[in-house]
Number of protein chains: 2
Amino acid sequence: MQDILFNFISKYITLTEEEKNTLLSLNLFHSVKKGTVLLAQGQSTNNNYFVLKGCIRVYYIIDGEEKTTAFYTELEGVTPHCAINKTPSEYYVGCVEDSILLVSNDDMSVEVNNKFPKFDTMCRMLSEELLAKQRMDFDEFKTSSPEQRYLNLIQKRPDLIQRVPQHQLASYLGIKPQSLSRLRARISEKKG
Amino acid sequence: MQDILFNFISKYITLTEEEKNTLLSLNLFHSVKKGTVLLAQGQSTNNNYFVLKGCIRVYYIIDGEEKTTAFYTELEGVTPHCAINKTPSEYYVGCVEDSILLVSNDDMSVEVNNKFPKFDTMCRMLSEELLAKQRMDFDEFKTSSPEQRYLNLIQKRPDLIQRVPQHQLASYLGIKPQSLSRLRARISEKKG
DNA sequence: ACAACTCGTTCACTTAAGTGAAGAAAGAGG
DNA sequence: CCTCTTTCTTCACTTAAGTGAACGAGTTGT
């Protein structure tokens, strides 16, 4: 599991053995059961969640309905909005599958960043990468129909369709579960 | 016009007179006529555009149809995707109104960042702020209907509805101009 | 002043998504 | 193994968005 982490980091910066050990000494690894709510609406946290194995999601509850807006799988992470601006969270963060997460908080970040300035560099690279990726996703979402979005998802994240419940996928695509069913039927009719 | 810029910067960092003069010496200010295409699909640039006065937009042309995905008005800016990863641009950047822009490029950024490391700090703050804001916008878009999105826009950016052509607004809301017309009629019927 | 264009609205019609209900299928727990 | 629950699909019906066409208002250019 540690290898997965260090492998990921090595894409951005190079770590010495000493630095690796410092990281490991922070006790970042957490095993989380499917269904666990990591952060609830109205709560506050300064934790960051990074997925080493498994899947977590961000969702809202609006008029009693769950609306999923994001999935994070292997080597993706969330910094909840409330961790940045110290306000109660507007959304939930939940565990879709049994997962192994890297949970860090501000204190740790400050500590690590002080010891190893390269970490700062990595964070900046990551956040730029993320910003660009998110803008692309947003543009794609805006410029396509639900059906196109679904076909797109099949191309870009085929794993999600297998591992995530349909009703969560539906709201991720901006529609109701019934519409997703219909849409799938429509597509397989065209093909077959 | 310079005051507007320095006022904005002062929210993040404090500049000396010398630093201000260095900035001014770079000749960043540009006057741009309504309708001007700053960046075309397929083209490449390493310019950043920051709006001091006026309005610019990002749009795609898909199957011969314009799809506007973003508007930038006073004190907002774009760094086109192609400026980051040196690929041809997937979208257009155009001028909605006669505008005064601050146009900078990578060379300038490097130069300024070398001279004044605080600029680095400001850029990081800006990009974090932007990332958070964009995520909120995306979540909001996903979790609401076209009508809700329009009502929301009235609350959050009432100026846009006045200064931007309806057909551009429509695609920004993810619908066709005809649907926006209908939607507006529906709303004013409810109110009156 | 006139023609050409752009823009917003309206209409009739089509297509797809929302809604509420019901039932089949798959999983979880005892 | 059976029960309870969650998840997915299907159906009939409603509502809203897409489509293609037409019209009037406002602009631009000559």
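By convention in this document, chain letters (A, B, ...) are assigned in the order of the sequence lines, proteins followed by strands, and residues within each chain are numbered from 1.
Between the CZ atom of B/R149 and the C1' atom of D/dA16 there is a distance of 12 Å, rounded to whole Å. The CG atom of A/L169 sits 12 Å away from the C1' atom of D/dC8 (whole-angstrom rounding). Spacing between atom CG of A/L180 and atom P of C/dA16 amounts to 15 Å, rounded to whole angstrom units.
Dashed line: the shortest gap from a side-chain N or O of A/H167 to OP1 or OP2 of D/dT6 is not under 4.0 Å.
Contact record, B/G54 with B/R163: O-NH2, 3.1 Å, taken as the closest heavy-atom pair.
Here the rule is ring-ring contact (aromatic ring centres under 6.0 Å, His included) with A/F50, and of A/Y72, A/F29, A/F8 only A/F8 fits it. When each of B/T73, B/V78, B/V96 is paired with B/I56, the side chain to side chain contact (heavy atoms under 4.5 Å, CB included) condition holds for B/V78 and for no other.
Listed by chain and residue number, A/Y60 satisfy the ring pair (Phe, Tyr, Trp, His ring centres under 6.0 Å) test with A/Y91 (two or more places apart in sequence, or in another chain).
Counting only residues at least two apart or in different chains, side-chain hydrogen bond (donor to acceptor under 3.5 Å, both in side chains) contacts with residues 1-14 of chain B comprise B/Y12-B/E129.
Atom OG1 in A/T143 sits 13.0 Å away from atom CD1 in B/I61 (nearest 0.5 Å).
Within a heavy-atom distance below 4.0 Å of DNA chain D, the residues of residues 157-166 of chain A found are A/P165, A/Q166. Listed by residue number, the members of residues 32-41 of chain B with any heavy atom below 4.0 angstrom from DNA chain D form an empty set.
B/E19 has no carboxylate O lying under 4.0 Å from a charged side-chain N of B/K115, or vice versa, which leaves the two without a salt bridge.
For the pair A/R57 and A/Y59, the cation-pi criterion (under 6.0 Å, within 45° of the ring axis) is fulfilled.
A donor-acceptor contact closer than 3.5 angstrom links the side chains of A/Y150 and A/R184.
The side-chain heavy atoms of A/S104 and A/L26, taken from C-beta on, include no pair separated by under 4.5 Å. Residues A/H81 and A/N85 meet the side-chain proximity criterion, which asks for heavy atoms closer than 4.5 Å.
For the helix from C/dA1-D/dT30 to C/dG30-D/dC1, the rotation axes defined at the first and last 5 base pairs enclose an angle of 50°, given to the nearest 10°.
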Salt bridge (Lys or Arg N to Asp or Glu O under 4.0 Å) assessment of B/K133 paired with B/D137
CA-CA 6 Å; B/K133 190 176 166 303; B/D137 288 348; 3.4 Å; yes

Please assess B/S179 against B/R182 for the test side chain to side chain donor-acceptor pair (under 3.5 Å), listing each intermediate value before the final yes or no.
CA-CA 5 Å; B/S179 298; B/R182 205 165 24 196; 3.1 Å; yes

Between the protein and nucleotides 17-22 of chain D, which nitrogen or oxygen pairs come in under 3.5 angstrom?
{"from": "D/dA17", "atom 1": "OP2", "to": "B/R186", "atom 2": "NH1", "distance (Å)": "3.0"}
{"from": "D/dA17", "atom 1": "OP2", "to": "B/R186", "atom 2": "NH2", "distance (Å)": "3.1"}
{"from": "D/dG18", "atom 1": "OP2", "to": "B/K176", "atom 2": "N", "distance (Å)": "3.2"}
{"from": "D/dG18", "atom 1": "OP2", "to": "B/S179", "atom 2": "OG", "distance (Å)": "2.8"}
{"from": "D/dG18", "atom 1": "N7", "to": "B/R182", "atom 2": "NH2", "distance (Å)": "3.2"}
{"from": "D/dG18", "atom 1": "O6", "to": "B/R182", "atom 2": "NH1", "distance (Å)": "3.1"}

